[in-house]
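Data block below; observations after.
Values in this document were obtained by computation on a predicted structure and should not be read as measured data. In what follows, residues are counted from 1 in the order of the sequence shown.
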Amino acid sequence: MATTHLTTQILRQTPPVCGSFRRVTTTGLSSSSPLTITFKTRKEASPKNQKFRWARKLSLVEQSSPLKPTVDVEGLATFLYDDLPHLFDDQGIDRTAYDEQVKFRDPITKHDTISGYLFNISLLKVLFRPLFQLHWVKQTGPYEITTRWTMVMKFMPLPWKPELVFTGTSVMGINPNNGKFCSHVDFWDSIENNEYFSLEGLWDVFRQLRVYKTPDLETPRYQILKRTANYEVRKYEPFIVVETVGEKLSGSNGFNAVAGYIFGKNSTTEKIPMTTPVFTQALDPELSDVSIQIVLPSEKDISSLPDPSQETVKLRKVEGGVAAALKFSGKPTEDVVRKKEKALRSNLMKDGLKPRMGCMLARYNDPGRTWSFTMV
């Protein structure tokens, strides 16, 4: 069982973190489909937000008290940029930067000592093999630093090794008496109730453990910047596609033509390895101006690729950028895809984002071999 993604480009009302996809497309090889929309991200929650006030309850620090000159908050922020990327590697974080009684909280975990904090890190390394990505570090109070991060994990005890993704912020309190971190509170983007113990947080973990499988093929590289309850924000690296005109967003018309290119119907009869997903992309509001695309292997350069044998088949470099993606289950019929596209746009607009025209469907299942009831 696999997943399908639907994507759409969007514009943001505040300065963008990075560029956006120039096009959005729907594809046809996956069991489930994600919808992606490119956008500019909105401002992070203000430190005055309720969730940050709750974080301060755990801190030993009165944030409104005058800053002591002995506390180098800027230096601590620089330290975190260097130290936190080692959270789950063999080097590990520097425990001397933390109080012995440091208070750690996330929606389902609670520790009140540095030993418990480090034990939690070690347990995650064994069970999940986490990949931690630090996006930024900011001072958000006299004795407070906030970080934004992404953590991608694989739950190793299960035979299908499901991938779990969490994004969010960590609010870290500083003890003004010794300049060490005395509290660390995590907030996940995917849930509303971030207080310990959150049943919503526990459910968010369990639902990512579902049984699924996607083809073991190369896919365009991207980094997950934010995962909410309704969509993911991704930053894609550039990639090359071979494309032709399609019939409709959920259709497969034109697939044989682009597949023929990688199977040897090109100027040098070169056979090119298959990748995933297959994209179908609509560029107009009615989702009727459609192209169907296959992504080419990342080691290929557009200048060295053979020319297509058919005039209707073209090679194109996609510059990548930032996109929002919605994953959904089942067979991606035209009605389903259009409903998902509207849902994604609605959720983005609720978050203050302005979607661009068009969308892209990414399918990871083989349409000829995957039964519809296995498309989850």
Side-chain angles (χ1 to χ4, degrees), residues 1-7 21-36 38 152 154 161 163 212-224 232 234-246 249-282 290-310 312-323 325 327 332 337 359-370 374-375:
M1 295 184 287
T3 339
T4 308
H5 298 179
L6 179 63
T7 68
F21 263 168
R22 303 203 174 163
R23 297 189 184 180
V24 185
T25 309
T26 312
T27 52
L29 289 186
S30 145
S31 333
S32 60
S33 311
L35 174 62
T36 312
T38 58
V152 181
K154 287 188 177 181
K161 295 178 175 53
E163 184 176 86
Y212 67 91
K213 183 179 180 180
T214 55
D216 188 19
L217 300 171
E218 183 181 349
T219 190
R221 297 191 184 102
Y222 64 85
Q223 180 186 36
I224 299 174
E232 291 180 355
R234 302 172 176 178
K235 182 180 180 182
Y236 278 83
E237 296 182 13
F239 56 91
I240 299 170
V241 298
V242 55
E243 66 178 344
T244 192
V245 176
L249 196 57
S250 64
S252 57
N253 185 48
F255 174 76
N256 288 338
V258 291
Y261 173 82
I262 66 173
F263 294 150
K265 291 184 178 180
N266 54 61
S267 59
T268 62
T269 65
E270 177 185 355
K271 293 185 177 180
I272 300 171
M274 187 64 184
T275 64
T276 191
V278 169
F279 289 123
T280 45
Q281 178 174 6
V290 175
S291 71
I292 188 163
Q293 309 162 359
I294 289 179
V295 180
L296 299 180
S298 59
E299 72 269 12
K300 296 293 184 180
D301 183 87
I302 196 166
S303 62
S304 60
L305 282 165
D307 295 326
S309 299
Q310 295 178 259
T312 57
V313 177
K314 307 293 183 184
L315 298 174
R316 180 170 62 87
K317 183 176 182 180
V318 179
E319 294 302 330
V322 178
K327 297 179 181 179
V337 172
C359 72
M360 175 181 287
L361 176 67
R363 287 174 283 185
Y364 296 82
N365 57 282
D366 183 333
R369 299 180 184 177
T370 306
T374 67
M375 295 181 182

Is there a side-chain contact between [X] and [Y] (heavy atoms, below 4.5 Å)?
X	Y	result
Leu305	Ile272	yes
Thr312	Val245	no
Val152	Glu163	yes
Leu315	Leu296	yes

List the residues meeting side-chain contact (heavy atoms from CB on, under 4.5 Å) with [X], not counting sequence neighbours, and say none if there are none.
X	result
Thr269	none
Pro220	Tyr236, Phe239, Pro277, Phe279, Val295
Glu218	Thr275, Pro297, Ser298, Glu299
Gln223	Gln133, His135, Leu225

Which atoms form the tightest heavy-atom contact between [X] and [Y], and what is the distance?
X	Y	result
Glu232	Ile224	OE1-CD1, 3.8 Å
Ile292	Gly251	CD1-O, 4.2 Å
Met274	Ile262	SD-CD1, 3.2 Å

Would you say the side-chain atoms of [X] pair up with the backbone N or O of [Y], donor to acceptor, closer than 3.5 Å?
X	Y	answer
Thr244	Gly254	no
Ser309	Lys265	yes
Tyr261	Pro306	yes

Please report the interatomic distance [atom1]([X]) to [atom2]([Y]), rounded to the nearest 0.5 Å.
X	Y	atom1	atom2	answer
Gln293	Phe255	CD	CZ	13.0 Å
Lys235	Tyr222	NZ	OH	15.5 Å
Thr276	Ile294	OG1	CD1	10.0 Å

Problem set entry | Counterpart residues, side-chain hydrogen bond (donor to acceptor under 3.5 Å, both in side chains), relative to Ser304 (two or more places apart) | none

For this session: Could you tell me which residues satisfy side-chain hydrogen bond (donor to acceptor under 3.5 Å, both in side chains) with Asp216, sequence neighbours excluded, listed by chain and number?
Result: none

